[in-house]
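Encoded as C-alpha cells, the structure appears first; notes follow it.
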Amino acid sequence: MYSPQRKDFVSLTLGDQHSRSYTNGKHRRQSCWRKWKQLSRLQRSLILFLLAFLFICGILSYPILTDFWIPSWRGAMIEAEQGTELQSTAHGKEGTVADAEEAANLKPGIRIHPAVQEAFRHAWKGYKAFAWGHDELKPISKTHGEWFGLGLTLIDALDTMWILGLKDEFAEARKWVETELSFSKNVDVNLFESTIRILGGLLSTYHLTGDTLFLDKAKDIGFRLMPAFKTPSKIPYSDVNLGKGTAHPPRWTTDSTVAEVTSIQLEFRELSRLTQDPQYQNAVEEVTRQVHRLEGKRDGLVPMFINTNSGKFTRRGAFTLGARADSYYEYLLKQWLQGGKKETELLEDYLQAIEGVKKNLLRQTSPSKLTFVGELSNGHLNPKMDHLVCFLPGTLALGAHNGLPADHMDLALQLMETCHQMYAQMETGLSPEIAHFNLQSNNGRDIDVKPADRHNLLRPETIESLFYMYRFTKDSKYRDWGWDILQSFNKYTRVPSGGYTSISNVRDPVYPAPRDKMESFFLGETLKYLFLLFSDDNELISLDKYVFNTEAHPLPIWPSTS
Ligand code: DMJ
C-alpha cells in the first residue's frame, strides 16, 4: 500500500548512511530533528510509546538490578568482610544456631561465642581507630560524637569485655580509665544516663574484677551527681554539672521524666552499701517513697512526668510501658530482688502495675493474635508499642522465676513472640523503633510501621528478653531468634572499616540508610546479652546472684546479712 509518509521514511533511512559521514554534531542534530518532523503522527506516537514503556520498565527493574548487579552499600560491606571466617556464617540469612554449630562441628554453644566476640572486636576496632576516649563512634564518617565528653562507650563496654574474655582490649581500656578519665569537668550530664551507663558500668566492673580503680571512679562520679537531688521536692533535676556541682532541669520545663528519677536506685543503693555512706541510698529511696504514695496513677501505672518543685505527676492521663516510663517498672522488681525480697512495698507496686498493664494496655492483633502492650491517652488506647517495651518479657520471666504468679510467665511468652515478630516481619530482619499493631486488619498484616518510626538504633531490649527466656526455659528457639538478629546486624549495620551503625529504614534491605552512629549501649548491652544468650554456662552472671541494671551492668544481689 502506498504511503507518502512511509516513502519518506524509507528514503530517510537510506539517506542515514550518508548522514553518518558528518562529523559535525550540529548537522547531525538538525538532520535528526528533520527526520523526526518527517515521521507520520502514528510513527511518532509509536516511538514515544516505546520510549515511555522502556523508561517505566527501567524504573521498575531498578531495585532488582541494583540488588543483583550494582555493588550496593550493603554488597560492598559484605565484600569487604569476605575474608573473615566468621562472617561467612553470619551473613547467610538461612540457618539456625544448631546449623552453625553443626557446620563448625562443635558442641552446642561453643561456636556461638566467637561470633559475638568477633562482632565486639569489629565494633571496638572502629571505636579505637576513630573515637578513642570519646563518647560515641560515628563509623561512616570515621569520627566521633560527644555527649558528655567522658568516654561513654569505653566505660559502658568495660564489663562486656571482661565477660567476653577480651583481656587485651580490657587492659587498654583500663589504662585509659586510670590515666585519662576525669570527672572534674565543666560539663552538663544527664543524671539518669550517666548513672545507668557510667556509675553502673564502673560498679559492675569493680565487682567482676575486684579492681578498686573502678570503685574509686564510681565514688567520684556518684558524689558529683548528688547536687541533682537538691530540689524543693527532692525529686531530682535531669541535669548536673559535674565540675561546678550545680544542677538544673531542662531549659523548657521544671519536670523530670518518671523513668529517669525512678531508675537510678539500684546504682545509688549499691554505692551506699560499698562506701557505707547512706547519703546515696537515702536520696534515691526518698524518690521511691514519694512516687509510691503519689496520686495520679491508674491501677499502678504511672504518668510520664513529675515536677521537681511540687513533687507531683504532671501531664497526667498518658500511660505507656515505653519511653519515659519503662524502667520504673523494671526497677520495682529489681530493687526488690537486689535487697533480698524484703521491701514489700516495691513488690506490691510491681504486682499492681502488672495487673494495671493487663487491665488497661494489653490487646491482641488481627489476624494473628499477637499480644502487645499499647499506650493509653486520656482513656483512648493507641495500638502502638515502642521497641523499648521489649524489656518486659524478660522482666516478667525474672519475676516468675522468683516466685511471682505463673501467669506472668504466660504473658512473657506471648510478648516475646510479638517482639520476635517485630524483627522477623521486617525486610532487614531488624525491628523498627515503634510498631503499630492492627486490631482489625484490612491489609492482612499484624504490624505496620510509620515512615518516621522505621529506624533501628541497635537497641538491646529484645535480645535482653531472649536471654532471660532462654535461661529460664532452655527453649532453643530463643537462641535461634537471637542468632537471626545477629545475622541481620552483620548484614545491614556493620561498617567495613570498623563499628556498627544505626539505620533509618528497616524496611529497605537495599539501602537501609545508615545513620552514622554507634550507641554506647550496643557494646554495653546488645552484644553482652547476645553473648550470654549463646552461653551454656548458667553461672556466667547467675540470675540468682546478680541483677542487671537497665544498661545491662550486673550488680550483686545483697547477701542476707547486709
Ligand atoms: C539504654 O540506655 C537502656 O537500656 C535504657 O533503659 C533504655 N534505652 C537504652 C537502650 O535502648
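Only this structure's heavy atoms are used, side chains among them; waters, hydrogens and symmetry mates stay out. We count ligands from 1, going down the list as the structure has it; atoms in each ligand are counted the same way.
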salt_bridge(Glu427, Arg507) N-O dist < 4.0 Å
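Yes, Glu427 and Arg507 are salt-bridged.
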
Under a 4.0 Å heavy-atom cut-off, which residues neighbour ligand 1?
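Within the 4.0 Å shell of ligand 1, which is judged on heavy atoms, sit Ile196, Arg197, Leu388, Arg459, Pro460, Glu461, Phe521, Glu525, Thr550, Glu551.
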
Between Tyr529 and Phe548, ring centroids under 6.0 Å
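Between Tyr529 and Phe548, the centre distance is under 6.0 Å.
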
Flag for [Y]-[X]: side-chain donor and acceptor within less than 3.5 Å:
{"X": "Tyr350", "Y": "His408", "value": "no"}
{"X": "Asn382", "Y": "His436", "value": "no"}
{"X": "Thr153", "Y": "Ser520", "value": "no"}

Any idea how Tyr280 and Phe268 line up, ring-wise: parallel (<30°), tilted (30 to 60°), or perpendicular (>60°)?
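Correct class here is tilted.
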
